[in-house]
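Let me begin by presenting the structure, written as structure tokens, before commenting on it.
Below, each value reflects all heavy atoms present in this structure, side chains not excepted, and no hydrogens, waters or symmetry copies. Each chain gets a letter, A, B and so on, in the order the sequences are listed, and its residues count up from 1. Everything numeric in this text was worked out from a predicted model, so none of it was measured.
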Protein chains: 2
Amino acid sequence: MGLTKTEIFTEEQNRLAVMLKAIAHPARIAILQEIIKSNTCICGDLVDELGLAQPTISQHLKELKNAGLIQGTIDGVSVCYCINTPVWNELREQMSGFFAAFDRKVTCC
Amino acid sequence: MGLTKTEIFTEEQNRLAVMLKAIAHPARIAILQEIIKSNTCICGDLVDELGLAQPTISQHLKELKNAGLIQGTIDGVSVCYCINTPVWNELREQMSGFFAAFDRKVTCC
DNA sequence: ATTATTAATCGCAATATTGCAATATAAAGT
DNA sequence: ACTTTATATTGCAATATTGCGATTAATAAT
């Protein structure tokens, strides 16, 4: 085994899991924070900023891109990464729905 | 290798990664949604609701509990699970900080 | 053409995750 | 004490993730 049973869950649940899984790593959180702070980022900047090797950063960027959270545009020799707004908004809405659902509950076991 | 370099990241980044990693699975998203909807939940309800075996649900509950997102109270033969409000609020604030940081940015590469 | 510069890919070893059958634990009812 | 009910733990096979050295690809500068 070792394979997630995606077929028994809704499309929304699977989508949200993919997006959150992409963020759920300290390096990728740091990368996203850096991109948000600087608006755009190239791989080399992140290698200098965080203490990780270039292939490692490149792979994390790839995972964030696969999840749709960031987009990369070729800019000469380098690649310019930035937040992919539509997907970012999708995530924001999913999460706020999540939080809103609990919002006013206080009673617990 | 195969070990995340937690030491080079901030405490906040690592904390957020742990919380998001716990949520980042469709089964655990479904479990959290069910708990939020019903306010409290026992393991057996979730086994009936989702199509997963009892040990599998139990393990997912354990991971959510380890991350601090839920808490379980023994209630006779069963265990009553509910959202752990302080940690849930911590997550909410971290995420809203995240979203707020990007909020008004539109320019991209 | 040659050489930097920048980023992606490959290959690998170490480790983590996923799902479940089998089993164990523990409280409640008889 | 015995049985039922509800959950946790163990052990295992399949798969996924993590990090990086070595290499490759592709553009830019000389």
Side-chain angles (χ1 to χ4, degrees), chain A residues 1-9 13-14 17-31 34-35 40-67 70-82 109, chain B residues 1-9 13-14 17-31 34-35 40-67 70-82 109:
Chain A
M1 315 287 145
L3 214 150
T4 303
K5 283 189 159 183
T6 52
E7 70 276 8
I8 67 170
F9 303 105
Q13 288 167 335
N14 285 318
V18 165
M19 291 188 286
L20 290 180
K21 200 184 203 172
I23 310 184
H25 190 288
R28 295 196 288 268
I29 290 173
I31 288 173
E34 194 57 35
I35 292 180
T40 67
C41 246
I42 65 171
C43 181
D45 294 342
L46 296 163
V47 174
D48 295 339
E49 203 69 34
L50 324 179
L52 291 168
Q54 181 269 319
T56 306
I57 297 288
S58 185
Q59 199 191 270
H60 283 308
L61 285 169
K62 189 184 178 185
E63 273 169 73
L64 288 170
K65 208 167 68 180
N66 284 345
I70 61 169
Q71 69 183 122
T73 321
I74 296 166
D75 176 25
V77 190
S78 39
V79 175
C80 176
Y81 286 101
C82 62
C109 35
Chain B
M1 316 286 146
L3 215 151
T4 303
K5 283 188 159 184
T6 51
E7 70 276 9
I8 68 169
F9 303 105
Q13 288 167 336
N14 286 316
V18 166
M19 291 189 285
L20 289 180
K21 200 183 201 172
I23 310 184
H25 189 287
R28 294 195 289 268
I29 289 173
I31 289 172
E34 194 58 34
I35 292 180
T40 66
C41 246
I42 65 170
C43 179
D45 294 342
L46 296 164
V47 173
D48 295 339
E49 203 71 32
L50 323 180
L52 291 168
Q54 181 270 321
T56 307
I57 298 288
S58 185
Q59 199 192 269
H60 283 308
L61 285 169
K62 189 184 179 184
E63 273 170 73
L64 288 169
K65 207 168 67 180
N66 283 345
I70 61 170
Q71 70 183 122
T73 322
I74 295 166
D75 176 25
V77 191
S78 40
V79 176
C80 176
Y81 286 102
C82 63
C109 36

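- The distance between atom CD of Glu63(A) and atom C1' of dA7(C), rounded to the nearest whole Å, is 16 Å.
- Rounded to whole Å, the distance from CD1 on Ile74(A) to C1' on dT5(C) is 15 Å.
- In this structure, Lys62(B) atom NZ and dT17(C) atom P are separated by 12 Å, rounded to whole Å.
- Under 4.0 angstrom from either OP1 or OP2 of dA16(D) there lies no side-chain N or O belonging to Lys21(A).
- Annotation: Ile74(B), atom CD1; neighbour count of heavy atoms from other residues, nucleotides and ligands within 6.0 Å does not exceed 12.
- Contact check, His60(B) against dT17(C): no side-chain N or O comes under 4.0 Å of OP1 or OP2.
- Considering only the side chain of Thr4(B), dT18(D) comes nearest among dT18(D), dC20(C), dA6(D).
- With distances taken from any side-chain atom of Val77(B) to the nucleotides dT6(C), dC20(D), dT5(D), the minimum falls on dT5(D).
- Heavy-atom minimum distance, Cys80(B) versus Ile42(B): CA-CG2, 4.3 Å.
- Of the candidate nucleotides dT9(C), dT7(D), dC20(D), dT7(D) has the atom lying nearest to any side-chain atom of Ser58(B).
- Residue Thr56(B) is classed as a base contact, given a heavy-atom separation below 4.0 Å to a base.
- Comparing Arg28(B) and Val79(A), the nucleotide of DNA chain C nearest to each residue sits closer to the 5' end for Val79(A).
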Item to check | Full working for side chain to side chain contact (heavy atoms under 4.5 Å, CB included) between Leu61(A) and Leu46(A) | outcome: CA-CA 10 Å; Leu61(A) 285 169; Leu46(A) 296 163; 3.9 Å; yes
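- Between Ile57(A) atom CD1 and dT9(C) atom P the separation is 16 Å, expressed in whole Å.
- Rounded to a whole Å, the CD atom of Gln59(A) is 11 Å from the P atom of dC10(C).
- Considering only side-chain N and O atoms, Tyr81(A) lies under 4.0 angstrom from the phosphate OP1 or OP2 of dA8(C).
- Computed from coordinates, the Gln54(B) CD to dT10(D) C1' distance equals 13 Å when rounded to whole Å.
- Taking every side-chain heavy atom of Pro55(B) into account, dA21(C) is the closest of dT6(C), dA8(C), dA21(C).
- Across the protein-nucleic acid pair, Asp48(B) atom CG and dA6(D) atom C1' stand 12 Å apart, rounded to whole Å.
- For Leu52(B), whose side chain is taken as the heavy atoms from C-beta onward, the closest listed nucleotide among dC20(C), dA7(C), dC20(D) is dC20(C).
- The aromatic rings of Phe9(B) and His25(A) sit perpendicular, their planes meeting at an angle over 60°, well past the 30° parallel limit.
- DNA chain D is contacted by both Cys41(B) and Leu3(A); Cys41(B) maps to the nucleotide lying nearer its 5′ end (nearest heavy atom per residue).
- At whole-Å resolution of the value, NZ in Lys5(B) and P in dA16(C) are 16 Å apart.
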Item to check | Pair Ile23(B)-Met19(B), side chain to side chain contact (heavy atoms under 4.5 Å, CB included): steps then yes or no | outcome: CA-CA 7 Å; Ile23(B) 310 184; Met19(B) 291 189 285; 5.6 Å; no
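- Mapping Leu61(B) and Ala27(A) onto DNA chain D via the closest heavy atom, the residue that lands nearer the 5' end is Leu61(B).
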